[in-house]
Each structure stands twice: as structure tokens, then as C-alpha cells.
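Sequence lines set the chain letters: A, B, ... in the order given, protein chains first and strands last, and positions in each chain run from 1. This structure is a prediction, so every number in the text was calculated from the model and none was measured.
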Amino acid sequence: KQEVTQIPAALSVPEGENLVLNCSFTDSAIYNLQWFRQDPGKGLTSLLLIQSSQREQTSGRLNASLDKSSGRSTLYIAASQPGDSATYLCAPLNQAGTALIFGKGTTLSVSS
Amino acid sequence: DTAVSQTPKYLVTQMGNDKSIKCEQNLGHDTMYWYKQDSKKFLKIMFSYNNKELIINETVPNRFSPKSPDKAHLNLHINSLELGDSAVYFCASSQGMTSNYGYTFGSGTRLTVV
């Protein structure tokens, strides 16, 4: 059964820092992996989707990498801003089970 | 236009009542899901439907019954509500079970049982 771990659970940084959020998963047989952000009391916003054949995806200041064989993905946020404050969720899509399985997220706070 | 819409956004009800949450997507997707986010913010899959057929039914009490009248709709009916059912319920959709373009989530329904 897929288990997803996100480290750190919480992170506080000053504005302008580059940071890395880590995600690990136990079953490497995945179709793809999706990163989301969730603002307090809100729904999930998709940030990046990486297919199993890809190594990374970029969108603006965000870059996500995938190392399927080792069961790891990282989300890199460049030049963080207070508006980046949110909970970031990692979710691989298993080949067996066929539904996104979520980690518990990393709660990011960026101070100005 | 909202891609995945859920109604109601908030639902406060007494123990023992029966309630429904509705979900509609206008993305033309053929697969829809219900997730539950508990008080610790952990998201867990409950059900998934592909072309109106139940695909995933995780360990969820029988009091929860999903209904998919067509590919664009997936409703969740809950009987005999309990305090522990209080949570945020999210609907999502994707194109195909392998979801090559990812999942799209609704904004959630916050259910409070008193």
C-alpha cells in the first residue's frame, strides 16, 4: 500500500529564500505525481504534474523533480514570497489502486 | 466557469440526520472522486467512479453512498450522521484512470455534525 511522507512538516522562512520541499513514496510503480497547494480553508490548486517518464517540470518559480526509482520528488521554490504561504501536498498516482494518495503536506510560512 | 463545483459549501446538521453533497464537473472528464480531509488535514480517498461505474470503495462506513447519475455528476449521500463524520469533503475529477492531465479538485464542503 502506497505511503507518502513529506518533510519537513512545517517550514518558516524569510522572503526571498530558495527552498526545497521533499516527498517520498514507498511504491515506485506510479503513473505520475502531482503537487498541489492548499490555502487555509480553501480547496486544492494543482501546481505541477510530472509523468513517470519525466525527470522534472517547471512553472514560473516552481520546479518539481521526480526520481521514480528511489521513490522521491522535490518541489523547489525560488525567491519565496509571502503569497507562497500555504500547505504543499504531494500525491503520486499508483498503477495499482488508481487514485491519488496524499502525504500530510508541508506547511510553509514566508515572512516579509 | 467553475470546473468542479460542490454544493453546499458549508453544512451544519444534527447527529442522526441524512444529508447529501452534490458535485458537478464541466471539464468533460470521465472519472470522479470523493476525498475526506479530517481535522488533521489528512486527505484520504473514499470513492472513485469511472464512466458512472464504481471503481474504488475504500473502507468507508455503509452509511456513505455515492451516486453517479452521469459522468458529470457524483453525489455523496450520508445516512445517520455521526460526530466523527465532521470533516471537509472534496470532490475531484480526471480524464481517465491514469489521469494524464492530473486531477482537478472542487473547493470542498465543510460538514459539521453537532
Side-chain angles (χ1 to χ4, degrees), chain A residues 1-6 8-10 23 25 27 29-54 57 59 62 64 66 68 73 75 86-109, chain B residues 2-7 9-10 21 23 25 27 29-51 53-60 66 74 87-110 112:
Chain A
K1 186 176 181 180
Q2 181 73 281
E3 292 184 4
V4 181
T5 303
Q6 291 190 244
C23 170
F25 46 96
D27 185 352
I30 64 171
Y31 288 117
N32 53 54
L33 184 144
Q34 201 165 355
W35 281 92
F36 296 86
R37 72 174 273 169
Q38 184 175 26
D39 294 279
K42 303 292 186 181
L44 279 71
T45 300
S46 180
L47 297 174
L48 290 163
L49 171 70
I50 312 177
Q51 301 296 341
S52 62
S53 59
Q54 296 176 321
Q57 279 285 350
S59 176
L62 305 179
L66 175 65
K68 196 178 74 161
S73 178
L75 180 66
T87 296
Y88 290 81
L89 297 160
C90 159
L93 179 62
N94 275 34
Q95 292 181 7
T98 57
L100 286 182
I101 304 298
F102 283 86
K104 293 186 178 181
T106 294
T107 298
L108 172 65
S109 176
Chain B
T2 303
V4 180
S5 60
Q6 297 179 226
T7 54
K9 189 172 177 63
Y10 300 96
I21 305 172
C23 179
Q25 53 93 5
L27 298 167
H29 289 167
D30 60 4
T31 309
M32 296 184 72
Y33 312 83
W34 278 110
Y35 279 82
K36 179 180 180 181
Q37 188 170 44
D38 60 25
S39 57
K40 296 183 179 180
K41 309 299 182 187
F42 185 51
L43 269 162
K44 188 173 180 181
I45 181 71
M46 299 174 68
F47 304 102
S48 77
Y49 270 74
N50 176 255
N51 285 312
E53 180 182 349
L54 180 65
I55 302 297
I56 293 175
N57 183 355
E58 290 293 316
T59 306
V60 176
L74 180 61
V88 182
Y89 293 84
F90 286 98
C91 177
S93 71
S94 68
Q95 182 53 36
M97 298 296 291
T98 59
S99 174
N100 286 331
Y101 300 101
Y103 283 32
T104 301
F105 278 79
S107 58
T109 296
R110 182 174 297 275
T112 303

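Neither the backbone nor the side chain of A/Gln95 comes within less than 4.5 Å of any heavy atom in chain B. For a residue to count as touching a neighbouring chain, one of its non-hydrogen atoms must lie under 4.5 Å from one of that chain's; by this rule A/Leu100 touches chain B with backbone and side chain alike. Interface remark: A/Leu44 contributes backbone and side-chain atoms alike to the contact with chain B (heavy atom separation under 4.5 Å). With a threshold of 4.5 angstrom between heavy atoms, B/Gln37 approaches chain A through side-chain atoms but not through N, CA, C or O. Interface residue A/Tyr31: only side-chain heavy atoms are found under 4.5 Å from chain B. Contacts between B/Ile45 and chain A at a heavy-atom distance below 4.5 Å involve the side chain alone, from C-beta outward. Interface residue B/Tyr103: backbone and side-chain heavy atoms are both found under 4.5 Å from chain A.
In this structure, A/Gln51 and B/Asn100 approach most closely via the heavy-atom pair NE2-O, 2.6 Å. Residue B/Gly102 comes nearest to A/Leu49 through the heavy atom pair N-CD2, 3.4 Å, listed as atom of the first residue, atom of the second, then distance. For the pair B/Tyr35 and A/Phe102, the tightest heavy-atom approach, listed with the atom from each and the gap, is CE2-CE1, 3.7 Å.
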B/Phe90 and A/Gln38: CA distance, side-chain angles, deciding distance, side chain to side chain contact (heavy atoms under 4.5 Å, CB included) verdict: CA-CA 12 Å; B/Phe90 286 98; A/Gln38 184 175 26; 3.5 Å; yes

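The most heavy-atom pairs under 4.5 Å with chain B, out of A/Asn32, A/Leu33, A/Thr45, come from A/Asn32.
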